[in-house]
Each structure stands twice: as structure tokens, then as C-alpha cells.
Amino acid sequence: AQSVTQLGSHVSVSEGALVLLRCNYSSSVPPYLFWYVQYPNQGLQLLLKYTSAATLVKGINGFEAEFKKSETSFHLTKPSAHMSDAAEYFCAVSDPPRNIIQGAQKLVFGQGTRLTINP
Amino acid sequence: SAVISQKPSRDICQRGTSLTIQCQVDSQVTMMFWYRQQPGQSLTLIATANQGSEATYESGFVIDKFPISRPNLTFSTLTVSNMSPEDSSIYLCSVELGGGETQYFGPGTRLLVL
């Protein structure tokens, strides 16, 4: 069974500092991996995804993540935090689609990391 | 991506009643998903809804409690039946886009059961 572990339910960084949110996964097949962000009172927005192409994935708002199979990790980083980055971040894993007809597999989410930015 | 809307955006309900949540997409999609996010927790898949077939429920979720309709390729409803305070959650629908790779989420319905 798939699972996702996000290390640190709360992370606090200063504005302008490096953001590092940790995600480790467990999967019996080569996974698809995703990072979503949830701003207060909103739904989930896709930040970036890994689907077996380049291991370093760039997303929106200056975020990127690197897939490391040997470490079963998919950590999210941003070089310089901005106040607007304050939100809840979710890492998720899915199996690849079995075929075009069947489509996407279900997402298994981590517990989330609340990112706080200090001025 | 697609524009996904949900109605209602939030509601306060009395225990024992039922609430039907609507999810509308601005393009035709094959697969739609319903998730629950309990207070302070992560998202859990309730069921997968394909147009023209019965919804597939995850372990711990049953059709009598969470009946789902999927009448066409742009719309789905989730009903939370015979509600109790434990059903207080955010309910989100998502749709598959990107050739089966990616799910995009609606804004969610915030439900409080008293």
C-alpha cells in the first residue's frame, strides 16, 4: 500500500530564507508524486508534479522538488520565502494510470505541513 | 486546468439531516473524485465517480451514507446522509486532467453539523 510521510507538521521560516518541506513516500511501483498548496479557506492548488520524467521538477510560485528514488523522497524547496507562501502544503502519491481509459489513480496524501513566514 | 465549482461553499446543518453537495466542471471529464478533509487533518478519498457507472467507494465509506450521482461528464453530487457532528469536514471534489496524470480540486464545501 502507498503511504506518504511529511516530516514536520509545522515549519516556520523568515521572509527571504530557504523553504524546505520534507516528504517521503512508500510505493510498490514507480510512483507519481505531487505537491499541493491550500491557502486559508480555499481548495487545493497544484504546485508541481513528478510523473517519471525529469527528477527535478519546477512548479509555480518559485517552488521546485527533486525526486530521489534511493531516498524515497520528494522534498519541496523554494530559495527565498515570501509572506504569501504561508499556507498548508500537502504531498501526495499515486500509482501511474494503468491505461488511458481507466485514467488517474487515487491520491494518497500526507498529513500536511503548515508553513509560517516570519517578517 | 479546468474551472471547478462547488455548491454550497459552506453550510451549517442539524444532526439527522442530509446535505447534497454539487460539483460542476467547465469541461467534460471522465473521472471525478470526492475527498473528505476532517478538521486539522489531511484528505481522504471517499469514492471515485465515473460517468455511466456506479461509484467506487474506499474502505470505511458506504453508499448508504455517501450516495453519489454522476449524471453527465461535467457534474456530480455527493450526499452526506443522516449527519452527525463527526461529519463536520471540508468535502472536496476533484477531476482528472492531463491524460490521466493529475487531479485538480474544487474550492471545497465546509460543513458543520450541530
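In what follows, chains are A, B, ... by sequence order, proteins preceding strands, each numbered from 1. Everything quoted here is computed from the prediction, not taken from an experiment.
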Can you hop from [X] to [Y] via hydrophobic side chains spaced under 4.5 Å?
X	Y	value
B:Leu78	B:Met83	yes
B:Val80	B:Phe61	yes
A:Val108	A:Phe67	yes
B:Ile90	B:Phe66	no
A:Leu33	B:Phe105	no

Distance from [X] atom [atom1] to [Y] atom [atom2], nearest 0.5 Å?
X	Y	atom1	atom2	result
B:Gln103	A:Leu46	CD	CG	10.5 Å
A:Gln111	B:Gln41	CD	CD	6.5 Å
B:Tyr104	A:Gln45	OH	CD	10.5 Å
A:Leu44	B:Gln37	CG	CD	6.5 Å

Check your understanding: Checking heavy atoms, do the side chain of A:Gln38, its backbone, both or neither come under 4.5 Å from chain B?
Key -> side chain

**Study point:** Which portion of A:Gln42 sits near chain B, non-hydrogen atoms under 4.5 angstrom
**Key:** backbone

Review point. When only pairs under 4.5 Å are counted, which of A:Gly43, A:Ser9, A:Ala92 shares the most heavy-atom pairs with chain B?
Key: A:Gly43

Revision key, fill the gap. Given the options B:Leu43, B:Leu45, B:Thr44, A:Phe109 meets side chain to side chain contact (heavy atoms under 4.5 Å, CB included) only with B:Leu43

Practice item. Ignoring hydrogens and angles, tell me if any N or O in the side chain of B:Ser42 forms a donor-acceptor pair with the backbone of A:Gly110 under 3.5 Å. Key: yes

Revision key, fill the gap. Between A:Tyr36 and B:Thr102 the two heavy atoms that sit nearest each other are OH-CG2, 4.4 Å

Practice item. List the atom of B:Arg110, the atom of A:Asn41, and the distance in Å for their closest heavy-atom pair. Key: NH2-C, 3.0 Å

Review point. So does B:Gln38 have more than 12 non-hydrogen atoms from other groups sitting under 6.0 Å from CD?
Key: yes

